[in-house]
Amino acid sequence: MKKILITGGAGFIGSHVVRLFVNKYPQHQIYNLDKLTYAGNLFNLTDIEKKPNYHFIKADIVDGEHMMKLFEEYKFDSVIHLAAESHVDRSISNPMEFVLTNVIGTVNLLNAARHNWQNDFEGKRFYHISTDEVYGSLGAVGFFTETTSYDPHSPYSASKASSDHMVRAYHDTYNLPIVISNCSNNYGPNQFPEKLIPLFINNIRHNKSLPVYGKGENIRDWLYVVDHARAIDVIFHKGMDGETYNIGGNNEWKNIDLIKVMCKIMDEKLGRPTGTSERLITYVKDRAGHDMRYAIDSGKLQRELDWTPSLQFEEGIRITIEWYLTNQEWLDEVTSGNYLKYYEEQYVER
Ligand code: NAD
Ligand code: DAU
């Protein structure tokens, strides 16, 4: 029996990881630690919240003393660390929040694990979930590999890069048994509608304009969130201590092409004449420091740990759109309150 701490388990990716682990490993106790920021939502987990091996702890990873006490009380033997501020645009307007949660919060967890495990690392693992954005931006060709130099450009990616360095430093200096993965853009159910795909689904639903940054030519590599959760499971169980694994969908899309595919599916699903949603596309001022292209080489993970994405994008995007349309209450709930103020500042005042 393991006691696995999953941080950020009420968020988008975290909730899929918690669900997978709670259902797949009834012999393990799963502790979901989350501050419940605007991005954390316990409604994401109603299907598993009553399972005997699931536990929720509301806490802020920036509170180092509290982290230390929780480790002492619960004696976690593994950590899967997803809690973070995750939206690039928010990092541009409020970088300090990203330094606090993503850097200080991660170091607090590293300290708590190190102190509690007392150099007895048998059966212990600290798994840090990171992003491909730490590698910076690619030109027209090439892929990010695990040895690509770090070159972050936004406060978000710089804070994630800092946390990755701290995690590796705790391995090299204190032998803490760590593993890191860096993943490309996720999409799927339960993503907060500030990110491109759910934002545009929600805007089309309300006949609101679709704010495309710059010329819409930036490229992202999209992976279905459940495939990311499957990769995390594989790396947690089979990854080598001290190693890094890149995770990606091998599925590059220019933003504008992706948006047009979504518009077409939305017209079909909402029974609107073809072309209705595309007319909502509005080109707006580019994001500051906007990375041009991300593309992941996930060959190491495929070769060494036998993981491959299970879902083709054409199917995944349909499932995703269907989910948001059948869960409009979820969308309405998370886009009320503070979200309205954020939206106004981010888009209307441009
Ligand atoms: P998210 O914003 O949906 O969820 C983040 C969660 O962390 C929320 O539940 C939030 O309440 C919690 N949280 C934030 N600050 C906290 C704090 N101080 N203490 C405790 N909990 C706190 O994020 P996501 O998209 O699910 O991303 C999860 C992780 O995966 C992040 O580390 C992110 O950098 C990484 N990642 C995301 C993507 C992506 O495409 N979304 C891709 C690669 C890596
Ligand atoms: O690559 C992994 C990263 O993917 C994760 O680490 C981040 O947590 C996650 O938010 C995501 O970052 P991006 O910046 O790539 O995702 P976002 O959905 O914000 O934007 C995707 C692309 O769409 C990007 O080129 C910017 C563009 N965009 C985004 C928004 C919100 C627009 O054109 N208009 C928009 O309104």
Side-chain angles (χ1 to χ4, degrees), residues 6-18 32-42 44-45 57-63 66-67 80-92 97-98 100-102 104-106 108-109 128-135 137 144 154 156-157 159-160 163-164 181-188 190-200 203 209-223 225 228-229 232 247-248 253-256 258-259 281-287 290-296 334 343 346-347:
I6 300 183
T7 70
F12 168 46
I13 302 170
S15 60
H16 290 275
V17 175
V18 166
N32 169 17
L33 183 156
D34 201 294
K35 180 182 172 183
L36 299 181
T37 66
Y38 75 93
N41 189 343
L42 290 176
N44 294 346
L45 291 166
I57 302 168
K58 186 173 185 310
D60 184 346
I61 59 169
V62 178
D63 184 343
H66 195 192
M67 291 307 108
I80 304 179
H81 174 37
L82 295 111
E85 287 293 336
S86 67
H87 190 36
V88 173
D89 293 326
R90 288 186 192 251
S91 82
I92 294 168
E97 203 65 46
F98 286 69
L100 290 173
T101 287
N102 298 0
I104 308 289
T106 301
N108 283 337
L109 290 168
H128 178 60
I129 307 298
S130 193
T131 170
D132 61 358
E133 298 201 8
V134 297
Y135 299 124
S137 184
F144 296 134
S154 71
Y156 163 68
S157 53
S159 69
K160 291 296 292 187
S163 63
D164 292 11
S181 58
N182 296 77
C183 188
S184 63
N185 286 61
N186 285 214
Y187 71 98
N190 305 102
Q191 186 169 31
F192 194 83
E194 63 189 351
K195 310 278 166 64
L196 181 75
I197 291 181
L199 172 72
F200 279 27
N203 281 15
S209 69
L210 305 177
V212 179
Y213 295 160
K215 295 182 181 155
E217 285 179 349
N218 305 67
I219 293 171
R220 297 290 182 267
D221 169 5
W222 295 92
L223 178 70
V225 62
H228 188 187
I232 289 173
I247 312 171
W253 284 85
K254 202 183 264 190
N255 288 344
I256 193 64
L258 171 71
I259 291 161
I281 291 175
T282 313
Y283 292 91
V284 300
K285 190 171 153 232
D286 208 353
R287 172 186 278 174
H290 197 172
D291 289 331
M292 183 45 84
R293 173 170 169 256
Y294 303 146
I296 277 276
V334 300
Y343 196 89
Q346 178 64 22
Y347 295 104

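When a ligand or atom number is given, it counts from 1 through the structure's own listing order. Just so we're clear, the structure is a prediction, and the values are computed from it rather than from any experiment.
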Counting only heavy atoms closer than 4.0 Å, does ligand 2 sit against the backbone of Leu199, its side chain, both, or neither?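 The answer is the side chain of Leu199.
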Taking Asn44 for the side chain and Ala10 for the main chain, is one N or O donor matched with an acceptor at less than 3.5 Å? yes
Within the distance-only criterion (no hydrogens, no angle test), does the side chain of Ser137 pair as donor or acceptor with the backbone N or O of Asp291 below 3.5 angstrom?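 Answer holds: no.
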Can you measure from OG1 (Thr106) to NE2 (His81) and round to the nearest 0.5 angstrom?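 Reported value, rounded in 0.5 Å steps: 3.0 Å.
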Quick one: which of [options] has a heavy atom closest to [atom]?
{"atom": "atom 19 (O) of ligand 2", "options": "Arg287, Lys195, Glu194", "value": "Arg287"}
{"atom": "atom 33 (O) of ligand 2", "options": "Tyr213, Phe12, Tyr156", "value": "Tyr213"}
{"atom": "atom 9 (O) of ligand 1", "options": "Asp34, Asn41, Asn102", "value": "Asp34"}
{"atom": "atom 42 (C) of ligand 1", "options": "Ser184, Ser163, Ser15, Gly14", "value": "Ser184"}
{"atom": "atom 10 (C) of ligand 1", "options": "Thr37, Asn44, Thr7, Leu33", "value": "Thr37"}
{"atom": "atom 14 (C) of ligand 1", "options": "Ala83, Ala84, Gly8", "value": "Ala84"}
{"atom": "atom 2 (O) of ligand 1", "options": "Gly105, Ser86, Gly11", "value": "Ser86"}
{"atom": "atom 38 (C) of ligand 1", "options": "Thr131, Ile232, Ile13", "value": "Ile13"}

Please state whether Tyr156 comes within less than 4.0 angstrom of ligand 1, counting heavy atoms only.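 The answer is yes, since Tyr156 has a heavy atom less than 4.0 Å from ligand 1.
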Looking just at side-chain N and O atoms, do Asn182 and Asp164 make a donor-acceptor pair shorter than 3.5 Å?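 Their side chains do contain a donor-acceptor pair, which is all the 3.5 Å distance test asks for.
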Scan side-chain atoms only and decide if Asn203 and Tyr347 contain a donor-acceptor pair under the 3.5 Å cut-off.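 Absent: no donor and acceptor within the cut-off.
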Would [X] count as a polar contact of ligand 2, with the cut-off being nitrogen or oxygen pairs under 3.5 Å?
{"X": "Asn218", "value": "no"}
{"X": "Asn255", "value": "yes"}
{"X": "Leu196", "value": "yes"}
{"X": "Asn185", "value": "yes"}

Carboxylate-amine/guanidinium proximity below 4.0 Å for Asp89 and Arg287: yes
Give a yes or no on whether the ring-centroid distance for Tyr38 and Phe192 is below 6.0 angstrom. yes
Around atom 3 (C) of ligand 2, find the nearest protein heavy atom and jot down its residue, atom name and distance. Glu133 OE2, 2.9 Å
For ligand 1, find out whether one of its N or O atoms is nearer than 3.5 Å to an N or O atom of Lys35. yes
Within ligand 2, which atoms have a heavy atom of Tyr347 less than 4.0 Å away? 30 (C), 31 (C), 35 (C), 36 (O)
